[in-house]
S.K.: 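I'd like to ask some things about the structure below.
Being a predicted model, the structure only gives us computed values, none of them experimental.
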Amino acid sequence: MSTFKSDFLNILGERGFIHQISDPGSLDALAARRELVAYIGFDCTAPSLHVGSMVQIMCLYWLQQTGNKPIALMGGGTTRVGDPSGKDETRKILSIDDIERNKDGIKQVFSHFLRFGEGKGEAVMPDNAEWLTKLNWIEMLRDIGRHFSVNRMLAMDSVKLRLERDQEMSFIEFNYMILQAYDYYVLNQRYDCRLQMGGSDQWGNIVNGIDLGRRMGTPQLHALTTPLITTASGEKMGKTASGAVWLNADMKSPYAYWQFWRNTEDADVPRFLKLFTTLPMSEIDKLATLQGAEINEAKKALADAATTLLHGADAARQAAETARKTFEEGAIAENLPTIEIPKSELDAGLGVLTAFVRAELVASNGEARRQIKGGGLRVNDVPVTDEKMMLTRANLTGEGVIKLSLGRKRHVLLKPA
């Protein structure tokens with residue numbers, strides 16, 4: 001039986017996206033009338049978002065699919081300050097050029113999930129630099145700052161945890177929550193935005209925005225947060241030995257992205273099918289019943305659906321075929337991730353530890369050594385037993401590459417250039 005009147009909240013509820021909602025009844029009524037405008041902010045700290053942002057992206061996707069209007073707010077202004085939430089140290093301040101480059105990279109991701117335009121249900125992508133950089137300091141203190149209680153700000157988790165751990169917090173970071181609250185106010189004035197969504201660690205910041213709006217005369221604003229997604233083994237979503245799972249194809253190939261989902265832990269498959277694919281719930285329920293060796297079919301369905309959403313059906317099919325050839329036929333498939341190395345390095349001899357780190361199959365030489373001891377690293381399908389092994393032209397296969405493998409599922413080709 002449906003809990004809500006609106007398709008939007010029903011979908012979010014049954015798929016596991018909802019952690020907290022500030023006023024469910026009022027928000028549900030807006031969404032049911034298909035009059036809901038909602039936003040999520042994305043700071044431009046890297047040239048791509050990573051898979052940890054997928055929960056938020058999918059919230060905007062389902063918002064639009066149910067007839068409402070999404071705003072993907074670019075944080076060109078707030079990136080210059082740095083969000084202290086969940087951080088132990090001050091974020092590195094980026095140059096304006098770096099922020100702009102990162103913003104361009106992040107924009108690419110959203111084109112796969114949202115329809116942009118000026119129509120009622122079409123997505124927009126404003127940049128908060130447009131209004132934050134024009135704020136006059138005295139006017140800001142008088143018109144916005146006066147609505148904030150320092151006592152309450154000090155009690156916020158993002159501030160309190162840093163202070164309790166004796167970690168320094170700069171004054172610029174302390175102001176972040178004021179800027180985020182002001183973003184909400186501006187988006188309400190410009191677009192009649194009534195909802196801000198974010199991860200569970202953003203609840204206090206979002207409620208600040210609701211409170212500022214109330215004090216500055218907006219209609220009722222709302223908050224919705226999503227749960228922190230961890231894997232069954234307790235890892236943060238998207239954390240791998242080789243680093244972040246980026247969403248841009250030039251930073252993480254479609255094949256590597258497909259493999260990430262294919263390697264999902266058994267216990268996470270049903271939950272991840274709900275969160276990270278658009279497969280119907282009836283199909284997900286069937287896949288969730290698969291046990292034993294059959295669960296691999298559910299993992300392939302997850303990998304296919306998640307990769308199709310981001311990179312398209314052709315890329316997903318190619319990735320699945322590459323995996324089949326590599327695992328079932330033992331072939332070196334041409335679509336495997338490939339990194340080029342100078343021929344001179346092979347002539348001189350390339351250390352096997354360095355090669356695996358460069359291929360991003362392991363994060364460090366130490367981890368490579370541990371994998372060798374456990375029999376986890378292979379060169380051209382032969383286990384590596386000597387950590388001092390040197391790769392040379394003699395290791396090139398008939399295809400002119402060297403195949404590096406971590407376990408049975410992760411492979412990278414080294415190609416001399």
S.K.: Just wondering, do Q180 and I206 contact through their side chains at under 4.5 Å, heavy atoms?
M.R.: yes
S.K.: Indicate the atoms forming the closest heavy-atom contact of L221 with N188, along with that distance.
M.R.: CD2-ND2, 3.6 Å
S.K.: Just wondering, do V159 and F174 contact through their side chains at under 4.5 Å, heavy atoms?
M.R.: yes
S.K.: Are E367 and R370 within salt-bridge range, i.e. N to O under 4.0 Å?
M.R.: no
S.K.: Are any of the side-chain heavy atoms of M125 and L73 separated by less than 4.5 Å?
M.R.: no
S.K.: Could you tell me which non-hydrogen atom of I71 sits nearest to which non-hydrogen atom of P126, and how far apart they are?
M.R.: CG2-CD, 3.6 Å
S.K.: To the nearest 0.5 Å, how far apart are CD1 in I402 and CD1 in I339?
M.R.: 10.0 Å
S.K.: Pair T225, H19 - check side-chain hydrogen bond (donor to acceptor under 3.5 Å, both in side chains), show working.
M.R.: CA-CA 5 Å; T225 57; H19 179 65; 5.0 Å; no
S.K.: Side chains of T78 and D43: donor-acceptor distance under 3.5 Å anywhere?
M.R.: yes
S.K.: For the pair E387 and R369, evaluate salt bridge (Lys or Arg N to Asp or Glu O under 4.0 Å) and give the outcome as yes or no after the intermediate values.
M.R.: CA-CA 6 Å; E387 65 178 53; R369 289 189 186 97; 3.1 Å; yes
S.K.: Check whether any side-chain heavy atom of L187 lies under 4.5 Å from a side-chain heavy atom of Q196, and answer yes or no.
M.R.: no
S.K.: Using a strict threshold of under 4.0 Å (side-chain N to carboxylate O), is an ion pair present between R152 and D211?
M.R.: yes
S.K.: Considering non-hydrogen atoms only, spot the tightest contact between L30 and H222 and give its length.
M.R.: CD1-CE1, 3.9 Å
S.K.: At their closest point, which heavy atom of Y255 faces which heavy atom of P337, and how far apart are they?
M.R.: CD2-CD, 3.1 Å
S.K.: Hey, would you say the F110 and F42 ring centroids sit under 6.0 Å apart?
M.R.: yes
S.K.: Hey, is the main chain of F17 close enough, under 3.5 Å, to the side chain of T226 for a donor-acceptor pair?
M.R.: no
S.K.: Using a strict 4.0 Å threshold on nitrogen-to-oxygen distance, state whether R190 and E130 make a salt bridge.
M.R.: yes
S.K.: Apply side-chain hydrogen bond (donor to acceptor under 3.5 Å, both in side chains) to residues Q220 and D23 and explain how you reach the verdict.
M.R.: CA-CA 10 Å; Q220 184 181 356; D23 185 340; 2.9 Å; yes
S.K.: When rounded to the nearest 0.5 angstrom, what distance separates CD1 in I40 from CD1 in I57?
M.R.: 8.5 Å
S.K.: Please confirm whether the backbone N or O of L247 pairs with a side-chain atom of S48, one donor and one acceptor, at under 3.5 Å?
M.R.: yes
S.K.: Before giving the answer on side-chain contact (heavy atoms from CB on, under 4.5 Å), spell out for H411 and R378 the whole-Å C-alpha distance, their side-chain angles and the decisive distance to 0.1 Å.
M.R.: CA-CA 9 Å; H411 311 273; R378 297 196 310 282; 4.2 Å; yes
S.K.: Evaluate the criterion salt bridge (Lys or Arg N to Asp or Glu O under 4.0 Å) for residue pair E283 and K286; output intermediate values, then yes/no.
M.R.: CA-CA 5 Å; E283 191 174 336; K286 283 182 201 160; over 6 Å; no
S.K.: Please work out which of the three classes, parallel, tilted or perpendicular, describes the rings of F276 and F272, given edges at 30° and 60°.
M.R.: perpendicular
S.K.: Take L195 and V37, measure what side-chain contact (heavy atoms from CB on, under 4.5 Å) needs, and give me the verdict at the end.
M.R.: CA-CA 7 Å; L195 170 65; V37 181; over 6 Å; no
S.K.: Flag the pair E297 and K300 as a salt bridge only when some basic side-chain nitrogen lies within less than 4.0 angstrom of an acidic carboxylate oxygen.
M.R.: yes
S.K.: Without hydrogens or angle criteria, can the side chains of D183 and W131 be said to hold a donor-acceptor pair below 3.5 Å?
M.R.: yes
S.K.: Test your reading of the model: is there a side-chain donor-acceptor pair from S405 to the backbone of G407, 3.5 Å cut-off?
M.R.: no
S.K.: Applying salt bridge (charged side-chain N to carboxylate O under 4.0 Å, His left out), name anything that partners D304, two or more places apart in sequence or on another chain.
M.R.: none
S.K.: For L275 and R15, work out which heavy atoms get closest and say how close.
M.R.: CD2-O, 3.5 Å
S.K.: Should the pair D104-R101 be classified as a salt bridge under the 4.0 Å nitrogen-to-oxygen rule?
M.R.: no
S.K.: Applying the side chain to side chain contact (heavy atoms under 4.5 Å, CB included) test to P254, which of H311, Q259, Q318 qualifies?
M.R.: H311
S.K.: V51 versus M54: any side-chain heavy-atom pair under 4.5 Å?
M.R.: yes
S.K.: With no hydrogens and no angle check, is any side-chain donor or acceptor of N248 less than 3.5 Å from a backbone partner on D250?
M.R.: no
S.K.: Could you give the distance from CG (L353) to CD1 (I372), rounded to the nearest 0.5 Å?
M.R.: 5.0 Å
S.K.: If I take atom CZ from residue R358 and atom CG from residue L414, how far apart are they, to the nearest 0.5 angstrom?
M.R.: 8.0 Å
S.K.: Show your reasoning for whether side-chain contact (heavy atoms from CB on, under 4.5 Å) applies to S22 and V207.
M.R.: CA-CA 8 Å; S22 58; V207 169; 5.7 Å; no
S.K.: For the pair T277 (side chain) and A306 (backbone), establish whether a donor and an acceptor sit closer than 3.5 Å, ignoring hydrogens and angles.
M.R.: no
S.K.: Using distance alone, with no hydrogens and no angle criterion, decide if S95 and D98 have a side-chain donor and acceptor under 3.5 Å apart.
M.R.: yes
S.K.: Which atom names give the shortest non-hydrogen contact between W203 and I21, and what distance separates them?
M.R.: CH2-C, 3.9 Å
S.K.: Take Y184 and N205 through the test side-chain hydrogen bond (donor to acceptor under 3.5 Å, both in side chains) and record every step on the way to the result.
M.R.: CA-CA 10 Å; Y184 201 170; N205 286 344; over 6 Å; no
S.K.: I need the F148 CZ to L141 CG distance, nearest 0.5 Å.
M.R.: 11.5 Å
S.K.: Is the side chain of D268 donor-acceptor paired with the backbone N or O of T231 at a distance under 3.5 Å, no angle test?
M.R.: no
S.K.: For residues L224 and L9, determine if any side-chain heavy atom of one lies less than 4.5 Å from a side-chain heavy atom of the other.
M.R.: yes
S.K.: Is the side chain of D28 donor-acceptor paired with the backbone N or O of F4 at a distance under 3.5 Å, no angle test?
M.R.: no
S.K.: Has T66 got a side-chain atom pairing as donor or acceptor with W62's backbone, closer than 3.5 angstrom?
M.R.: yes
S.K.: Quick check for you: to the nearest 0.5 Å, what is the distance between E118 atom CD and K69 atom NZ?
M.R.: 6.0 Å
S.K.: Are any of the side-chain heavy atoms of L377 and L406 separated by less than 4.5 Å?
M.R.: yes
S.K.: Please report the C-alpha distance between R262 and N296 in whole Å, then the side-chain angles of each, then the deciding distance to 0.1 Å, and finally whether the side-chain contact (heavy atoms from CB on, under 4.5 Å) criterion is met.
M.R.: CA-CA 8 Å; R262 171 67 181 81; N296 286 324; 3.5 Å; yes
S.K.: So, K5 side chain and G25 main chain: donor-acceptor pair closer than 3.5 Å or not?
M.R.: no
S.K.: Test side-chain hydrogen bond (donor to acceptor under 3.5 Å, both in side chains) on Q64 and E122 and set out the steps.
M.R.: CA-CA 7 Å; Q64 187 168 52; E122 290 180 307; over 6 Å; no
S.K.: Checking N380 side chain against K403 main chain: does a donor-acceptor pair fall under 3.5 Å?
M.R.: yes
S.K.: Considering only heavy atoms from C-beta outward, does the side chain of D266 approach that of K299 to under 4.5 Å?
M.R.: yes
